[in-house]
Amino acid sequence: MKLFYNAQFHTLREEDDIIFALLVDDKEYIKETYTQIPKIDNVEKIDLNNSFVYPGFIDTHTHSFEGGLYSLSANLENAVNLDQVFEILSQTKPVSGKIFAFHFDENNVREKRFPIIAELDKIFPDTPLILRRVDGHSCVINSKAAKMIDWENSLPSDFNGYLFKRANGKASNWFHKNLTDDAILQAYHQAANIALQNGHTVVHTMIGDTYSDIKHYNLIKESLHLFPIEFILYPQITDVDIALEIGSPRIGGCVLADGSFGSHTAALLKPYSDKPETSGILYRSNNLWQNFIREAHKNNLQVAIHCIGDAAISQILNCYETVQQEDPKDLKHMLIHNELTSDEMLDRMAKANVSAVMQPMFDRLWAGKNGLYETRLGMKRTSHTNRLASIYKRGILLTGGSDWYITDLNALKGIDAATRIHNEKEQLTPYQAIEIYTKNAAILSGDGNRFGTIEKGKLANFVCLDEEILKSRSIKDIKINSVIVNGKQNLF
Ligand SMILES: [Zn+2]
Ligand SMILES: [Zn+2]
């Protein structure tokens, strides 16, 4: 047995609940908690050096495979012109014979455009290459890739490399599917290590994409014990039979009801402010969603769907409401992202027992003055984005996630962002912000009895910080001293 001491443990059972030592049994569970350091012999004593301890962070929405893969690839986040993009690409090593580049934002480069196919061919004439936009909703590929992918419709004769919507999905799917098992596992190991270093003990991860099979699912399921953190898996499919066959308790993920604000494809109830001729795109019909959700609900699968604009959220919420009225269950179907909402929609979410899986960092990135939200939606609608406090107040199960690779896999950044939402009325308190990355997150996956708080009978999963979150002036910069997963300490 191990006694962890010399720390202030914030248990998250209640806001002021603090203990000062705890005993972990040989089976990785918390056996006893103490408000004073106890005198016991015959146990291993682990000094936490005055750390401030919280339950291990849980990120409830990542694309860990892509995140891990891309962290082994070209990150274009800081490129300010296309020459820099080409320079970074030319130094990138292939993974399984393919070049991956991500985090490209045409608004951040001086030329304000994507590279074209001829420019990419010059650097990589013989190796397939994909360069994905920061939001993942469009990409550019080179000629080698264009030749290798088995397209549903042939490419136009003046194809310049740029792909969006279904063809974008098809291209990224081809790149992700044609990897060796070793490369896939390497990506997940990379993801798990990044998660651990940033204080996470559990990470929800999407597997496959809307256009793909879920080839990786069984491989990862069989390898779960190899990773230093726990992964919670989402088969990103709409085939209920397959989800049941693989024994998944949930289905979906970033299965798309709409696109993104960046690409003007998030579905809005009223037109875009900067492009009044469009209101975005609902990717699928009401009927299709209703049938899928009804079938999943009937089979006790928790459903997760990507919806960003208010029209997409309404569409999915309607379906959730219908199944919940027909057959009330405690499945906590998820609205992933849930970015633009009215009061009326939030009231309905609370009633329908729906959960909101949200990304506080989106507000940091896009809600500022002249930011993406204001450009696309105007001021009034921007104030209705990322409504964390309004959602929390209504008792809707709210959880935090990074949508990594879109934003960093870093819960402290998410907690920091949640307390600093641009619309002050929507800011969470630091305590509430921690809850959405710990306790609430555990409830979302039905693991409230196993982890999420520091208490007797739960797994010894916790993160030891150099500073107290509740009193910190810059939460995102707090140093992580160590992370304990299942009773094992990982020092940094
Ligand atoms: Zn996602
Ligand atoms: Zn998404």
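For the single chain, residues carry numbers from 1 onward in sequence order. Order of appearance sets the numbers: ligands from 1, and atoms from 1 within every ligand. Just so it is clear, the values below take in all heavy atoms, side chains as well, and ignore hydrogens, waters and symmetry mates.
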Please find out if less than 6.0 Å separates the ring center of [X] from that of [Y].
| X | Y | result |
| --- | --- | --- |
| His306 | His137 | yes |
| His176 | His216 | no |
| Phe227 | His189 | yes |

**OP:** Kindly assign one of parallel, tilted or perpendicular to the pair Phe292 and Trp289, based on the angle between their ring planes and the thresholds 30° and 60°.
**Re:**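 Phe292 vs Trp289 ring planes: tilted.
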Original post:
Looking at side-chain heavy atoms only, is the closest gap between Lys275 and Glu277 below 4.5 Å?
Top reply: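 A side-chain contact exists here, since the closest heavy-atom pair is under 4.5 Å.
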Original post:
Sorted by chain and residue number, which protein N/O/S atoms are under 2.8 Å from the Zn ion (ligand 1)?
Top reply: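 Protein N, O or S atoms closer than 2.8 Å to the Zn ion (ligand 1): His61 NE2, His63 NE2, Cys254 SG, Asp403 OD1.
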Subject >> Between Tyr373 and Asn386: side-chain donor-acceptor atoms closer than 3.5 Å >> reply: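 Note: Tyr373 and Asn386 side chains meet the donor-acceptor criterion.
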